K.L.:
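Quick one: this structure, given as structure tokens, is what I'll be asking you about.
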Amino acid sequence: MVSPKISIVTPVYNQVKYLEYTIQSILSQNYPNLEYIIIDGGSTDGTVDIIRKYESQLAYWVSEPDNGMYDAIQKGFNHSTGEIMAWLNSDDMYHKGALFTIAEIFSTMPEVEWLEGANCFWDNHPCGGRTVSVHHNRKISKFEYLMGDYKWIQQESTVWRRSLWEKTNGINTELRYASDFALWLSFFRHAKLYRTEALIGGFRKWSSNQLSIKMFDKYEKECNITLRNETVPLEDLNIIQRYKRIQKINHIFSKIFWFSKYDLALWYKNKYFDYPPQICFSFEHNKFVFVK
């Protein structure tokens with residue numbers, strides 16, 4: 001099997017409790033063409049000692065003050081060269097074999113520029129974390145994002161081609177909380193999001209006080225600001241405006257006819273913003289295949 005170079009960036013700051021699990025979830029896969037980069041923001045809690053423990057297996061690492069997580073991520077990608085790209089935060093993990101799954105899909109399906117695995121969550125168990133929840137992916141297109149229905153593309157299980165990344169301006173380091181959302185929005189200008197049932201990565205939920213949960217309201221605020229600043233092509237804008245008018249009309253007629261506004265919404269989305277096929281593993285053919 002072809003093994004394209006996969007570049008993974010981990011931003012970290014004072015995360016000594018979880019960082020080693022994150023690193024091991026990547027390096028233990030023994031993927032033959034991995035470029036792993038760690039950008040530390042000047043930790044003082046022993047994090048740097050853990051990084052040094054694995055530095056012989058890292059393509060690059062640095063520990064110095066930065067302007068936050070997204071600044072660190074962009075800094076890491078500036079040092080990357082891989083054909084496939086992703087970042088994994090310092091308390092999250094990849095699943096066993098995930099890098100080989102990524103390699104197979106991107107190598108055998110050239111139309112896939114952007115991929116999300118099944119959404120899943122790790123807990124805070126002393127064993128290092130258990131997969132305690134897996135959700136079937138909800139189809140998402142550019143339509144949902146432009147309408148403000150962006151819940152959710154799971155960053156921990158999302159990977160993309162460098163060729164797609166190069167069509168964007170990369171990470172928006174001016175945003176503090178929602179730069180992932182801004183990146184997905186820029187990806188949607190150029191490509192469709194493909195989904196697979198396979199497990200790639202997962203989010204570790206260890207406390208109600210962790211930043212991504214505690215600051216959720218601020219995350220949403222930044223998402224809404226980003227949407228308002230998005231330049232929507234006239235064709236897409238006209239379609240969205242027609243859809244909103246149809247929604248209002250259908251709200252009245254749905255009380256009379258059997259179809260609901262949800263039936264109409266599904267038809268409308270499929271007509272104007274078609275979803276790519278799901279990617280599933282075929283045991284019959286022993287490979288990943290497209291499934292309508």
Side-chain angles (χ1 to χ4, degrees), residues 6-31 34-77 80 85-99 102 116-135 152-159 171 176-180 199-216 219:
I6 300 176
S7 295
I8 300 171
V9 173
T10 291
V12 59
Y13 180 70
N14 286 342
Q15 196 65 272
V16 68
K17 184 175 181 179
Y18 299 108
L19 177 62
E20 190 160 20
Y21 292 117
T22 300
I23 293 173
Q24 289 177 345
S25 78
I26 296 171
L27 297 181
S28 66
Q29 298 191 32
N30 296 316
Y31 182 75
L34 171 67
E35 182 180 62
Y36 188 28
I37 295 168
I38 299 179
I39 306 296
D40 176 67
S43 294
T44 58
D45 66 341
T47 289
V48 175
D49 294 331
I50 292 176
I51 298 173
R52 287 200 177 103
K53 179 178 177 180
Y54 295 94
E55 66 180 339
S56 64
Q57 297 172 268
L58 303 178
Y60 177 81
W61 76 276
V62 69
S63 180
E64 61 186 18
D66 54 40
N67 292 320
M69 180 179 75
Y70 291 117
D71 179 52
I73 293 167
Q74 182 63 51
K75 187 189 301 183
F77 282 138
S80 72
M85 304 172 67
W87 85 78
L88 188 68
N89 291 329
S90 56
D91 50 356
D92 300 322
M93 293 188 291
Y94 280 137
H95 287 274
K96 183 177 181 180
L99 301 185
I102 293 166
E116 182 187 15
N119 292 176
C120 66
F121 298 86
W122 305 93
D123 73 353
N124 197 27
H125 193 274
C127 72
R130 300 173 297 182
T131 306
V132 293
S133 179
V134 178
H135 300 273
W152 291 104
I153 295 173
Q154 190 180 53
Q155 172 267 312
E156 299 79 20
S157 63
T158 302
V159 293
I171 300 293
R176 182 169 178 80
Y177 305 103
S179 283
D180 58 342
L199 299 178
I200 292 178
F203 174 81
R204 185 195 292 272
K205 187 173 180 179
W206 48 267
S207 169
S208 59
N209 288 321
Q210 64 191 99
L211 187 64
S212 55
I213 297 173
K214 188 177 181 179
M215 300 299 182
F216 182 75
Y219 180 93

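Every heavy atom of this structure was used, including side-chain atoms; hydrogens, water molecules and symmetry mates were not. Note that the structure is a prediction, hence the values are computed from the model and not measured.
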K.L.:
Does S25 reach the side chain of L88, with side-chain heavy atoms less than 4.5 Å apart?
P.N.:
yes
K.L.:
If you apply the rule side chain to side chain contact (heavy atoms under 4.5 Å, CB included), what do you find for I38 with V12, and how did you get there?
P.N.:
CA-CA 7 Å; I38 299 179; V12 59; 3.8 Å; yes
K.L.:
Using a strict 4.0 Å threshold on nitrogen-to-oxygen distance, state whether R204 and D91 make a salt bridge.
P.N.:
no
K.L.:
Side chain of E35, backbone of I8: donor and acceptor closer than 3.5 Å?
P.N.:
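Absent.
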K.L.:
Could you walk me through whether E116 and V159 pass side chain to side chain contact (heavy atoms under 4.5 Å, CB included), step by step?
P.N.:
CA-CA 7 Å; E116 182 187 15; V159 293; over 6 Å; no
K.L.:
Is there a side chain to side chain contact (heavy atoms under 4.5 Å, CB included) between Q57 and Y36? Walk through the geometry before answering.
P.N.:
CA-CA 8 Å; Q57 297 172 268; Y36 188 28; over 6 Å; no
K.L.:
State the CD-CG distance between Q155 and N119, to the nearest 0.5 angstrom.
P.N.:
11.5 Å
K.L.:
Under the side chain to side chain contact (heavy atoms under 4.5 Å, CB included) rule, what do Y13 and D45 come out as? Steps first, then yes or no, please.
P.N.:
CA-CA 9 Å; Y13 180 70; D45 66 341; over 6 Å; no
K.L.:
Do you know the tightest heavy-atom contact between S157 and G201?
P.N.:
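For S157 versus G201, the nearest heavy atoms are CB-O, 3.6 Å.
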K.L.:
Tell me if a side-chain donor or acceptor on T22 pairs with a main-chain N or O of D92 at a distance below 3.5 Å.
P.N.:
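Yes, T22 side chain to D92 backbone: donor-acceptor pair under 3.5 Å.
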K.L.:
Determine whether W87 and Y70 make a side-chain contact, defined as any pair of heavy atoms from C-beta on separated by less than 4.5 Å.
P.N.:
yes
K.L.:
Is it the case that the side chain of D66 and the backbone of D71 share a donor-acceptor pair, with hydrogens and angles ignored and the cut-off at 3.5 Å?
P.N.:
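Not confirmed, D66 side chain does not pair with D71 backbone.
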K.L.:
Test your reading of the model: is there a side-chain donor-acceptor pair from E64 to the backbone of G41, 3.5 Å cut-off?
P.N.:
no
K.L.:
Looking at N14 and T44, would you say the former's side chain and the latter's main chain have a donor-acceptor pair under 3.5 Å?
P.N.:
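Yes, the answer is positive, given that a donor and an acceptor are paired below the 3.5 Å cut-off.
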K.L.:
So which atom in Q154 and which in A118 form the shortest heavy-atom distance, rounded to 0.1 Å?
P.N.:
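In this case the closest contact between Q154 and A118 is OE1-O, 3.9 Å.
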K.L.:
Is there a side-chain contact between Y60 and L58, using heavy atoms and a 4.5 Å cut-off?
P.N.:
no
K.L.:
Taking the side chain as every heavy atom from C-beta outward, state whether H95 and C120 have any atom pair closer than 4.5 Å.
P.N.:
yes
K.L.:
K75 and V62: which non-hydrogen atoms are nearest, and at how many Å?
P.N.:
CD-CG1, 4.5 Å
K.L.:
Can you check whether Q29 reaches L34 side chain to side chain, under 4.5 Å on heavy atoms?
P.N.:
no
K.L.:
Measure the CD1-CD distance between I50 and Q15 for me, rounded to the nearest 0.5 Å.
P.N.:
9.5 Å
K.L.:
Are N124 and Y18 packed together at the side-chain level, in the sense that at least one heavy-atom pair is separated by less than 4.5 angstrom?
P.N.:
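The answer is yes, as the side chains (C-beta and beyond) meet within the 4.5 Å cut-off.
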K.L.:
Among I51, I37, T10, I39, exactly one meets side chain to side chain contact (heavy atoms under 4.5 Å, CB included) together with W61. Which residue is that?
P.N.:
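Exactly one candidate clears the test, I51.
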K.L.:
Has S28 got a side-chain atom pairing as donor or acceptor with Q24's backbone, closer than 3.5 angstrom?
P.N.:
yes
K.L.:
Measuring only between side-chain heavy atoms, which start at C-beta, is V132 closer than 4.5 Å to W122?
P.N.:
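Result no, sub-4.5 Å side-chain heavy-atom pair not found.
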K.L.:
Checking side-chain polar atoms at under 3.5 Å, does Y94 have a donor or acceptor matched by the opposite partner on E156?
P.N.:
no
K.L.:
How long is the straight-line distance from OG1 of T131 back to CG of L199, given to the nearest 0.5 Å?
P.N.:
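These two atoms lie 6.5 Å from each other.
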K.L.:
I'd like to know if the side chain of S90 and the backbone of L19 have a donor-acceptor N/O pair within less than 3.5 Å.
P.N.:
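Here the side-chain-to-backbone pair does not exist.
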K.L.:
According to the interplanar angle, ranging from 0 to 90°, do the rings of F121 and F203 count as parallel (below 30°), tilted (30 to 60°) or perpendicular (above 60°)?
P.N.:
perpendicular
